[in-house]
Amino acid sequence: QVQLVESGGGSVQAGGALRLSCTASETTSCMAWFRQAPEAERVWVASIHTSSGRTSYSRTAKGRFTISIDNAKKTQDLQMSALKSEDTAMYYCAATSNGWLCDGNSDTFNYWGQGTQVTVSS
């Protein structure tokens, strides 16, 4: 069982930046971020294939968020900039070890972190 530990959430004003981190207890093949706003469904933000470094982003994240991986530390980061009030949500780290699939489908991921809150005030 892979354990995921997130950190880096907090409160920031609109237009500001935050960096989220997620450390896995074991090597995984794909890591991602999802987020869930109050009374809304969990939605995908970004994914990274850990060995190739290939990244993919949702429309809302592209251009403002950057996902990266440090394989030596088994840690992925999500650098968020130009934050908006609508980015306010609980952010969840997700991972899988299936080896090849790395997309934005939550069913792809079988390991999840506890979440870290991001609050953006306008």
> Would L4 and M31 satisfy side-chain contact (heavy atoms from CB on, under 4.5 Å), going step by step from the backbone distance to the final call?
Replying inline: CA-CA 10 Å; L4 301 175; M31 299 185 79; 4.1 Å; yes
> What residue pairs, at least two apart or across chains, pass ring-ring contact (aromatic ring centres under 6.0 Å, His included) with a residue in residues 103-122?
Replying inline: F34-F109, F34-W112
>> Looking at A46, is its backbone amide N or carbonyl O close enough to the side chain of W44 to form a donor-acceptor pair, meaning the two atoms are under 3.5 Å apart?
In response: yes
>> Among residues at least two apart in sequence or on other chains, which ones pass side chain to side chain contact (heavy atoms under 4.5 Å, CB included) with Q117?
In response: T88, M90, T119
> Which residues pass the salt bridge (Lys or Arg N to Asp or Glu O under 4.0 Å) test with R64, sequence neighbours left out?
Replying inline: D87
> For residues 27-74, which residue pairs qualify under disulfide (SG to SG under 2.5 Å), counting only residues two or more places apart or in two chains?
Replying inline: C30-C102
>> How about CD on Q114, more than 12 heavy atoms from neighbouring residues, nucleotides or ligands closer than 6.0 Å, or not?
In response: no
> Can you list every pair that meets salt bridge (charged side-chain N to carboxylate O under 4.0 Å, His left out) and has a residue in residues 107-118, with sequence neighbours left out?
Replying inline: none
>> Strictly by salt bridge (charged side-chain N to carboxylate O under 4.0 Å, His left out), give each pair with a member in residues 40-60 just once, sequence neighbours left out.
In response: none
>> Is there a path of hydrophobic side-chain contacts, each under 4.5 Å between heavy atoms, that joins V43 and L20?
In response: no
>> Going by ring-ring contact (aromatic ring centres under 6.0 Å, His included), name the pairs with one or both residues in residues 53-96, residues two or more places apart or in two chains.
In response: none
> How long is the gap from CG on L83 to OG on S122, to the nearest 0.5 Å?
Replying inline: 12.5 Å
> Once you round to the nearest 0.5 Å, how far does OG of S56 lie from NZ of K62?
Replying inline: 9.5 Å
> Can you name the residues that form a side chain to side chain donor-acceptor pair (under 3.5 Å) with S25, not counting sequence neighbours?
Replying inline: none
>> Between Q76 and I48, is there a side-chain heavy-atom distance shorter than 4.5 Å?
In response: yes
> In terms of side-chain heavy atoms, does H49 have a donor or acceptor partner in S47 at a distance below 3.5 Å?
Replying inline: no
> Which atom pair, heavy atoms only, marks the closest approach of T23 to K73?
Replying inline: CG2-O, 3.8 Å
>> So, taking the atom named OG1 in T66 and the one named CE in M80, what distance separates them when rounded to the nearest 0.5 Å?
In response: 11.0 Å
> Between D70 and T75, does any side-chain donor sit less than 3.5 Å from a side-chain acceptor?
Replying inline: no
> Which residues pass the side chain to side chain contact (heavy atoms under 4.5 Å, CB included) test with N71, sequence neighbours left out?
Replying inline: T50, I69
> What disulfide (SG to SG under 2.5 Å) pairs are there with at least one residue in residues 33-82, not counting sequence neighbours?
Replying inline: none
> Under the side chain to side chain donor-acceptor pair (under 3.5 Å) rule, what pairs show up with a residue in residues 4-20, not counting sequence neighbours?
Replying inline: R19-D77, R19-Q79
> S29: what forms a side chain to side chain contact (heavy atoms under 4.5 Å, CB included) with it, not counting sequence neighbours?
Replying inline: T96, N98
